[in-house]
Amino acid sequence: LNNYPERFSANVILRPVFQEMILPNIAFIGGGGEIAYWLELKKVFEAVNVPYPMLVLRNSFLLIDDSSSELINKLKLSTLNLFLPQQSLIDTTVENETALQLSLKTEIEELDTLYQKIKTISTAIDVTLSKHTDALHKKATNKLIALQKKMLRAEKKKFEAQIRQIQKLKNQLFPTNNLQERVENFLPYYAKWGGAIVDELYTSSLALEQKFSILLVN
C-alpha cells in the first residue's frame, strides 16, 4: 500500500467518512443494505475523529395492484404470509387447505417417548447399549421425517393450480426473490398512475416509524 498507492482504492472504506467530513449530517437515511454497510464503519469514524451520524432506516413500500390483491384474497393469504419464502408459502397453503393430516409431529414426539423407555430398559442391562439405542432412535426419526416430506409432496399434486398462482404472485411482488424496490423501476408505475402515485406514497409514508409499508394501488 505504501509503495503502490495508485493500485488501491479507499472508496469503500473512506467514502462515508469523506462525505461526512465535507458535508456533515445529523442523520444518514438509507435502505437496509446501506444501513448495514454504515454500521460496519463506526470504528473508522472513531479512528479519524469524524462525528458519526444517526442512522435512520428509510421507508420501504410493497405496491400491490388489483390483480395481485384479488389473488391474495383467493389464496386466503395474510400480508405476513407474503414475506415467507416461496416454498414455505406453498407448504403452508397446502397444509391449511388439505383435509388430511400431513404432519407427523405428534407421532415423532411419541417415538421420542418410546425410545426413552427403550433406552432405560437397554442401559439397565448393559450401559454400552445406550449409543446403539440412540442410533436406532435417530434412524427411526429420520425415516418418519422422510415419510412426512413424501406425504406433503404427494398432496401438493392436488394443488397444482394454487401452487402456480403462488409462484406468479411471488414473482410479481418479490421479483428474483428480492424486494420489489430493489428490482423494479419506478417509471412504469408513474406512467400508469402519474403524479397520483407520488402523492399516495407521500401520504402513506410512516416517516420515522421505520416500518415496512404495503400499499394497495388501483
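Nothing here was measured: the structure is a model prediction, and the numbers come from that model.
Hydrophobic cluster membership differs between Phe174 and Tyr189, with clusters built from Ile, Leu, Val, Met, Phe, Trp and Tyr side chains linked at under 4.5 angstrom. Hydrophobic cluster membership is shared by Leu82 and Ile163, with clusters built from Ile, Leu, Val, Met, Phe, Trp and Tyr side chains linked at under 4.5 angstrom. The hydrophobic cluster containing Leu14 does not contain Leu1, counting ILVMFWY residues as joined when their side-chain heavy atoms lie under 4.5 angstrom apart, directly or transitively. Follow the hydrophobic side-chain contacts under 4.5 Å out from Ile26 and you never reach Leu55; the two are in separate clusters. Leu57 and Leu208 fall into different hydrophobic clusters, where Ile, Leu, Val, Met, Phe, Trp and Tyr are joined by side-chain heavy atoms under 4.5 Å apart, directly or via other members.
Atoms CG and CD, from Leu62 and Gln172 in turn, are 11.0 Å apart once rounded to the nearest 0.5 Å. The distance from the OG1 atom of Thr133 to the NE2 atom of His137 is 10.5 Å, given to the nearest 0.5 Å. Atom-to-atom distance recorded for His132:NE2 and Ser122:OG is 8.5 Å, nearest 0.5 angstrom. Interatomic distance, Lys119 NZ to Leu129 CG, rounded to the nearest 0.5 Å: 11.5 Å. Atoms CG and CZ, from Leu173 and Phe83 in turn, are 8.5 Å apart once rounded to the nearest 0.5 Å. Atom-to-atom distance recorded for Ile90:CD1 and Ile166:CD1 is 5.5 Å, nearest 0.5 angstrom.
Within a 6.0 Å sphere centred on CZ of Phe212, other residues, nucleotides and ligands contribute more than 12 heavy atoms. Surrounding CZ of Arg15 are more than 12 heavy atoms belonging to other residues, nucleotides or ligands, all under 6.0 Å away. Crowding of Asn177 atom CG: a count of heavy atoms from other residues, nucleotides or ligands under 6.0 Å not exceeding 12. Residue-environment remark: CG (Asn49) stays at or below the threshold of 12 foreign heavy atoms within 6.0 Å.
Remark: the backbone N or O of Asn25 is paired with a side-chain donor or acceptor of Glu20 at under 3.5 angstrom. Looking only at distances, a side-chain donor or acceptor of Ser204 sits under 3.5 Å from a matching main-chain atom of Glu200. Between the side chain of Tyr37 and the main chain of Val12, a donor-acceptor pair closer than 3.5 Å is present. Side-chain atoms of Asp134 never come within 3.5 Å of backbone atoms of Lys131 as a donor-acceptor pair (strictly under, hydrogens ignored).
In plain terms, the two heavy atoms of Lys105 and Gln148 that are nearest each other are N-OE1, 3.9 Å. Nearest heavy-atom pair across Leu216 and Ser69 is CD2-OG, 4.3 Å. Shortest non-hydrogen contact noted between Leu201 and Phe61 is O-CZ, 3.6 Å.
Two residues are said to be in side-chain contact when any heavy atoms from C-beta on lie closer than 4.5 Å; Thr141 and Tyr115 fail this criterion. Side-chain contact check for Thr93 versus Phe159: every heavy-atom pair is 4.5 Å or farther apart. Residues Ser213 and Asn59 form no side-chain contact, since every pair of their non-hydrogen atoms from C-beta on lies 4.5 Å or further apart. Between Leu89 and Leu77 there is a side-chain heavy-atom pair separated by less than 4.5 Å. When side chains are defined from C-beta on, Lys150 counts as touching Arg153, because their heavy atoms get closer than 4.5 Å. Here the side chains of Gln19 and Leu23 are not in contact, with every heavy-atom distance at 4.5 Å or above. Looking at heavy atoms from C-beta onward, Met151 lies in side-chain contact with Leu104 at the 4.5 angstrom threshold. The shortest distance between side-chain heavy atoms of Lys76 and Glu97 falls below 4.5 Å.
Side-chain N/O atoms of Ser60 and Glu181 include a donor and acceptor closer than 3.5 Å. A donor-acceptor contact under 3.5 angstrom links the side chains of Ser78 and Asn81, judged on distance only.
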Test log, rule salt bridge (charged side-chain N to carboxylate O under 4.0 Å, His left out), inputs Lys43 and Glu46: CA-CA 5 Å; Lys43 289 187 177 180; Glu46 292 173 359; over 6 Å; no
Side chain to side chain contact (heavy atoms under 4.5 Å, CB included) evaluation trace for Val198 with Phe186: CA-CA 10 Å; Val198 179; Phe186 176 72; 3.8 Å; yes
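Using bins of under 30°, 30° to 60° and over 60° for the plane-to-plane angle, the ring pair Phe45/Tyr52 lands in the perpendicular bin.
Each of Lys156, Glu160, Gln162, Glu155 was scored for a side-chain contact (heavy atoms from CB on, under 4.5 Å) with Lys158, with one residue passing: Glu155.
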